[in-house]
Asks: 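After the structure tokens below, expect a handful of questions from me.
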Amino acid sequence: MNTKPLVVENLKKSFGKVSALRGVDLSVDRGEIFGLIGPDGAGKTTFIRIVVSLLNADEGAVYFQGKPVRENIAYVRSRIGYMPQRFSLYPDLTVEENLRFFGDLFGVPLKIQKERMERLYRFSRLGAFKDRRADALSGGMKQKLALSCMLMHEPEVIVMDEPTYGVDPVSRSELWEILRTLTDEGRTILVSTAYMDEAQLCDRVGLIFKGEVLAQGKPDSLLNLITDPLYMVKTPQPHRVYFELLKHFEAVDCNIFGNGVHVIDRHSVGAEQIAKILKQSNFDFDEITPIRPGIEDVFLKLIRTANPSAKPEQRGELSA
Amino acid sequence: MNANEKYAVVAKDLTRKFGAFTAVDHVSFSVSRGEIFGFLGANGAGKTTTIRMMCGLLLPTSGSALVAGFDVFTQAEQIKQHIGYMSQRFSLYEDLTVLENIEFYGGIYGLSRKQIRRKSRELLAYLKLEDRANTVTAELPLGLKQRMALSTALLHDPEIIFLDEPTSGVDPDSRRQFWLLIYELAARGKTVFVTTHFMDEAEYCQRVSIMQEGRIIELDSPQNLKEKYKSESMQSVFLKAIGEESS
Amino acid sequence: MSRTFVSIIKKEFLHIVRDYQTLIIIVLMPVMMLLLYGYAITLEMREIKIAIVDHSKTPQSRALINHITSSNFFDIKARNVPESQFEDLFQQRLVRSVLVIPQDFSRSLNSNPQTPVQLLIDASDPNAANYILKYLSQIVTEFEIEQNPRLHFPFRVVPRLLYNPDLKSEYFFVPGLIAVIILLISALLTSLAIVREKERGTFEQILVSPVHAYQIVVGKVIPYIALGFVDSVIILVFGHFWFKVPVEGSILLLLGSLILYLLTGLSFGLFVSTITESQRVAMIVTLLMTILPTIMLSGFIFPIPSMPVIFQYISQIIPATHFLKIIRGILLKGSGLADLKNQLFYLVLLASFLIAVSIRKFKTTLE
């Protein structure tokens with residue numbers, strides 16, 4: 001029998017004409033942070049809502065600790081902690097009142113509530129603000145409070161929908177530290193995010209786009225999906241260099257980044273040859289260095305190979 | 001060259017209070033013509049309030065600012081003629097078609113029927129939307145909506161373009177398309193003023209300012225900032241800058 | 001007209017047309033409400049269930065019962081039930097009223113000036129009880145005039161009903177419906193249309209363009225003036241040709257005052273949109289401040305003189321009170337400009353005040 005915290009099989013869901021999920025398979029192991037990474041509209045929220053039993057799938061199934069979610073809603077909801085995308089606390093209640101409410105909601109005895117609150121205050125550092133109304137907290141603190149509320153019933157599995165969206169980088173890294181502490185205690189976390197750079201903070205990730213998981217696995221093993229050499233052309237004028245490189249490389253292989261252009265060298269052109277091409281056309285660049293791909297390089301490669309037909313017509317140079 | 005011609009935007013001690021809360025606190029900066037200038041910060045750091053003051057949507061409480069050479073206090077009308085603005089929520093009418101949106105925004109900027117026709121044709125060609133001109137905007141993918149929103153904000157050929165978190169939630173490929181468009185605009189001499197909370201996007205800007213609690217705590221080129229904080233990425237520059245500020 | 005202005009109007013029309021569900025409701029609503037008021041809702045009661053206990057059993061008592069049956073106000077459900085069962089009849093709602101004719105009915109009728117007859121009425125619905133009492137007293141009075149030779153009336157009231165001799169209720173609700181529906185469209189839809197843009201963030205985009213506040217306001221409002229106007233014409237045409245409501249006065253004056261009334265509604269809608277940020281709040285405020293008072297306090301359904309004094313004062317502030325006087329005057333009485341100048345003046349005053357306030361307020365909220 002499969003007792004993994006979460007197993008999802010061939011999940012499909014449409015809203016009218018729009019298919020939000022087109023057959024998603026994935027599984028989350030005990031004690032890991034699984035990151036679901038993709039842009040808005042990729043299907044992250046729909047996926048998460050089905051997992052936590054708020055929405056029914058059209059096809060496929062979700063198993064929570066081996067039990068089908070659809071038939072065991074009460075069981076699932078009492079053991080899962082769900083943090084929705086939007087701030088879902090009561091802004092007119094204080095920090096403590098919010099915690100108490102969520103404790104009562106899950107029938108946690110008062111004495112245990114007290115202990116848990118003390119513990120949550122310690123690690124969220126919200127203790128000093130316990131009498132402050134939730135709407136007077138900063139964005140980062142609100143997220144920590146939402147997380148704490150969800151932890152009042154000590155769920156075994158935690159599911160969070162874009163907890164770091166729009167939160168400042170300092171609070172973001174704090175939040176990730178808390179998540180790590182939670183998995184160290186043996187809890188399992190499924191978290192979605194639109195920030196590619198958060199992939200490295202997860203044990204395993206799934207890259208989701210247009211309702212499909214394009215790839216999943218350990219972040220480092222995903223990086224191996226790019227097998228050809230990758231060069232970074234560092235330049236103060238990335239867009240100029242990008243358009244020049246497009247003349248010599250396929251659009252699929254060139255990507256503009258803030259400080260330069262990344263080129264996937266599928267035909268072993270080599271750094272020297274690239275430099276020569278650019279010098280010939282008098283393009284300004286600092287250096288060409290081989291680099292290790294990042295998760296964003298992988299994602300770009302995957303979404304272009306996933307629907308190659310959509311790309312060329314939408315790419316093309318700007319009209320003058 | 002006098003300051004008015006060199007700079008597209010000059011702000012000095014710009015402050016905006018909402019009741020007892022100071023959203024923007026004595027902010028000073030100047031943006032050269034043709035520059036891509038970035039505003040970094042978390043939600044609530046004061047980015048949007050600053051942009052709104054520049055666009056004449058909000059009067060500053062104190063300080064001064066010139067936008068395209070016009071005073072934000074007294075010449076909001078003239079400013080509006082010279083700027084384009086795209087807000088976080090792409091301001092297209094979802095129930096109107098692509099073409100109707102273009103016609104509407106062309107109309108409120110007083111473009112002639114002929115100009116609107118020409119502009120619509122250009123724009124549809126650029127967005128590769130010729131065959132979907134009569135599609136209701138709600139049915140377009142997010143990345144395309146975002147480029148369309150920017151294009152409509154450019155219909156009246158403004159000198160300065162304000163973009164408030166234009167790329168949030170858009171997929172990495174569409175984001176690149178968008179930045180290529182911004183580069184193109186800057187190359188044509190337009191000034192681009194952009195806010196973002198994607199730290200990696202800061203690299204696309206010529207200069208960035210980092211905002212925290214209504215104040216600018218750093219303002220320089222990404223390169224210089226990375227050297228100053230001995231960091232590889234803007235993400236860690238930001239963390240260090242904010243960390244220093246808080247300690 | 002500037003291009004800017006035309007663009008705003010055109011766009012607003014597109015929104016209205018695109019949202020065809022709402023559009024259908026707007027066009028069908030007046031017709032549906034007319035039919036509802038015309039056929040389903042009547043303010044009179046018919047076929048009231050009654051039980052009659054005749055202890056007298058004389059020709060006179062039978063004559064009284066005949067009067068009651070032939071009036072078609074009453075439907076006799078039970079006869080000569082023992083008194084012990086009265087309670088059950090009322091509890092099971094088999095009858096609303098019980099009439100008991102005493103044994104000495106005929107004798108008393110011939111010898112006494114006053115003949116008591118017992119009437120029991122279920123007054124848990126006081127309004128209905130009132131009607132029953134009124135109808136029965138009327139029948140009894142007629143009967144007495146006929147049967148009691150000892151009764152002498154010093155005079156008789158001969159009523160002549162002016163302007164609506166048949167007391168048709170459609171003469172009364174057609175103007176009332178116009179007042180409510182115009183308000184619904186002008187106040188509710190305009191406030192929602194503006195607040196919706198605030199909610200979606202498109203408002204900001206318009207505000208950064210060099211458009212003037214008054215252009216936005218007027219441009220957004222014109223389509224709704226047209227819509228409200230079309231709706232009121234539908235009601236008028238339908239009311240005139242279907243329910244035969246007359247138009248005695250000047251049509252021009254009628255249409256003019258319609259537009260004036262529309263403007264007061266619109267300006268109120270604008271005002272609401274300047275003080276609210278969400279469609280939900282705008283809807284509640286508009287319903288509470290315009291639609292409800294118009295139905296309850298304007299004299300549309302309940303006559304103003306029967307209201308408590310404080311509400312009578314409030315009713316004078318409500319534009320619908322004055323508009324009802326105008327429209328009833330024009331339709332039924334053929335009133336002219338001179339007869340209605342006070343009401344018209346009030347509407348002009350109110351509309352200009354509200355528009356001035358909302359344009360002023362509108363500018364500052366753009367702030």
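Order of the sequence lines fixes the chain letters, A, B, ..., with proteins taken first and strands second; residue numbering starts at 1 for each chain. Owing to the predicted nature of the structure, the values given are computational and were not obtained by experimental measurement.
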Asks: Could you have a look at B:L40, B:D200, B:L239, B:I182 and say which one has the most heavy-atom pairs with chain A under 4.5 angstrom?
Replies: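 Of the options given, most contacts go to B:L239.
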
Asks: Quick one: side chain to side chain donor-acceptor pair (under 3.5 Å) partners of A:R266, sequence neighbours excluded?
Replies: A:E250, A:D253

Asks: Report the residues that fulfil ring-ring contact (aromatic ring centres under 6.0 Å, His included) with B:F238, sequence neighbours left out, ordered by chain and then residue number.
Replies: none

Asks: Is it the backbone or the side chain of A:L300 that comes under 4.5 Å from a heavy atom of chain B, or both, or neither?
Replies: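 Just its side chain gets close to chain B.
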
Asks: List in chain and number order the residues that pass ring-ring contact (aromatic ring centres under 6.0 Å, His included) with A:F285, two or more places apart in sequence or in another chain; answer none if no residue qualifies.
Replies: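 Scan of A:F285 (ring-ring contact (aromatic ring centres under 6.0 Å, His included), adjacent residues dropped) gives none.
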
Asks: Are B:R121 and B:Y126 in a cation-pi setup, meaning NZ or CZ lies under 6.0 angstrom from the ring centre and within 45 degrees of the ring axis?
Replies: no

Asks: CZ/B:R175 to CG/B:L180 distance, rounded to the nearest 0.5 angstrom?
Replies: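 Separation between the atoms: 13.0 Å.
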
Asks: Just wondering, are more than 12 heavy atoms of other shown residues or ligands nearer than 6.0 Å to CZ in A:R49?
Replies: no

Asks: Just by distance, no angles: are the side chains of B:D25 and B:T15 close enough, under 3.5 Å, to form a donor-acceptor pair?
Replies: no

Asks: Anything in residues 217-236 of chain B with a heavy-atom distance to chain A below 4.5 Å? Please list those residues in order.
Replies: B:K226, B:Q235

